[in-house]
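Worksheet for the structure shown next.
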Number of protein chains: 2
Amino acid sequence: MSVVELLKEKIRQEGRVIGEDILKVDSFLNHQIDPVLMLEVGREFARRFDGTGITKVLTVEASGIAVALMTGLSLRVPVVFAKKKQPSTMDGDTYCGRVRSFTKEEVVEIVVAGSYLGADDRVLIIDDFLASGEAARGLIKIVRQAGATLVGIGTVIEKVFQSGGDALREQGIRVEALVQIGSLSGGQIEFLN
Amino acid sequence: MSVVELLKEKIRQEGRVIGEDILKVDSFLNHQIDPVLMLEVGREFARRFDGTGITKVLTVEASGIAVALMTGLSLRVPVVFAKKKQPSTMDGDTYCGRVRSFTKEEVVEIVVAGSYLGADDRVLIIDDFLASGEAARGLIKIVRQAGATLVGIGTVIEKVFQSGGDALREQGIRVEALVQIGSLSGGQIEFLN
């Protein structure tokens, strides 16, 4: 079974719809994690972005880390995760963006230390979910501040009805979503792929 | 070169000492991550805890996730990461602990959803650092609330001079540290192993 079909099967069996727009996949993606499945997900992103010369994978803590790590492992490049708000041990130059969290209803600052992204880098942004695109926009801002090249964005699940992915594609950004969801209305998960 | 020697080499070359007790290893462990090295670290923990019947790896977001994920991959068991403070999408029964962050100077609540740890689980706690043992104690509290069995604790770096590891060992808990640091005094990193 392809990793896309594996993911859809997991989402069908273990996903829970909350309200009209939240899909909980806490059992394998972002609270409990299935490491073997994540390795397959990482390999798939590496396959899709093969030959694009990626030098860094960028994500944001915490739920993006597992997917980004396995993608970095498959591509054999370092992974950088943006930190939410500035910890006291992060000194010196930083790049930063601002992200409104959809599920936590708050705005957080995300930061990357200046040493870990530079003008020579070709960056793949990886995250677990792409919904309104808030996190992606914050990370893109960081890539631009660093003067690095954005190669594309990979997401495990795109909630297409929240339009973030299409807004990014309209800007000419390559967005690869393993699973696309058209609607969660009435508690039903409608897959588009 | 063994993974322990690899880690010590990286710490020597890239670690930065701040004050008398903080060691920054942001370049490969907890901001930028070296996925290939993390895989080796995960394999080493799996080797050390071989035959102990582990069913789950438990860590806390965010910097423990990479190490825990690779350990879970090597052991072929799920990884659960405790979340800091309760997000609005985490409903139902939860286990929780309280952790004083050494570097951020704040107390945070850490939580694990009730579904992902149970009385049948044999748990390995994994983290990047073991210093005063605050995070470990919070995670142990969660393991006990779940009625699960604690198999042991694995840490990449133990700051032995902060005594958390020895306090845990005195309680009969098996603690495996890949690198032990005896002192950071005067900006010098003193390895004990």
Side-chain angles (χ1 to χ4, degrees), chain A residues 14 16 18-19 22-24 26-28 30-39 42 56-92 101-106 111-113 115-117, chain B residues 14 16 18-19 22-24 26-28 30-39 42 56-92 101-106 111-113 115-117:
Chain A
E14 300 173 22
R16 287 206 301 121
I18 297 170
I22 293 178
L23 173 65
K24 274 188 71 170
D26 270 8
S27 63
F28 63 94
N30 44 31
H31 182 23
Q32 179 168 259
I33 306 170
D34 178 336
V36 178
L37 180 60
M38 285 310 104
L39 180 61
K56 289 242 163 120
V57 173
L58 177 67
T59 190
V60 59
E61 65 177 4
S63 50
I65 295 175
V67 184
L69 186 72
M70 292 309 194
T71 306
L73 181 71
S74 300
L75 290 166
R76 291 289 194 269
V77 300
V79 173
V80 176
F81 66 90
K83 299 198 177 188
K84 287 172 179 165
K85 92 182 176 196
Q86 192 140 5
S88 65
T89 58
M90 194 187 288
D91 48 11
S101 164
F102 181 69
T103 43
K104 292 192 191 178
E105 288 166 11
E106 60 183 14
V111 291
V112 168
S115 345
Y116 304 128
L117 272 186
Chain B
E14 301 174 21
R16 287 205 302 121
I18 298 172
I22 294 179
L23 173 65
K24 273 188 72 171
D26 270 7
S27 64
F28 64 94
N30 44 30
H31 182 23
Q32 178 167 261
I33 307 169
D34 178 337
V36 178
L37 181 60
M38 286 308 106
L39 180 62
K56 288 240 164 122
V57 173
L58 177 66
T59 189
V60 59
E61 66 177 5
S63 51
I65 295 176
V67 185
L69 186 71
M70 292 310 193
T71 307
L73 181 70
S74 299
L75 290 166
R76 290 290 194 268
V77 300
V79 174
V80 176
F81 67 90
K83 298 196 178 189
K84 288 174 178 163
K85 94 182 176 193
Q86 192 140 8
S88 65
T89 59
M90 194 187 287
D91 47 12
S101 164
F102 181 70
T103 42
K104 292 191 191 179
E105 287 166 12
E106 60 182 15
V111 292
V112 168
S115 345
Y116 304 128
L117 273 186

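Quick note on labels: first sequence line is chain A, next is B, and so on, each numbered from 1.
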Discussion item. Under 4.5 Å from any heavy atom of chain B, what part of A:Val57 do you find: side chain, backbone, both or neither?
Written reply: neither
Worksheet entry | Among B:Val79, B:Leu39, B:Val80, residue most engaged with chain A (heavy-atom pairs, under 4.5 Å) | B:Val79
Practice prompt. Could you tell me the separation between the NZ atom of B:Lys84 and the NZ atom of A:Lys84, rounded to the nearest 0.5 Å?
Written response: 11.0 Å
Practice prompt. Report yes or no: does A:His31 contribute a side-chain atom to a donor-acceptor pair with the main-chain N or O of B:Phe81 at less than 3.5 Å?
Written response: yes
Practice prompt. Working to the nearest 0.5 Å, report the span between NZ of A:Lys83 and CG of B:Asn30.
Written response: 5.0 Å
Worksheet item: CG/A:Leu37 to CG/B:Leu73 distance, rounded to the nearest 0.5 angstrom?
Response: 11.5 Å
Worksheet item: Contact part of A:Ser27 toward chain B, heavy-atom cut-off under 4.5 Å: side chain, backbone, both or neither?
Response: both
Discussion item. Would you compute the distance between atom CD1 of A:Ile65 and atom CD1 of B:Ile65 and round it to the nearest 0.5 angstrom?
Written reply: 4.5 Å
Discussion item. Shorter than 4.5 Å, heavy atoms on both sides: which option in A:Ser63, A:Ala68, A:Pro35 has the most such pairs with chain B?
Written reply: A:Pro35
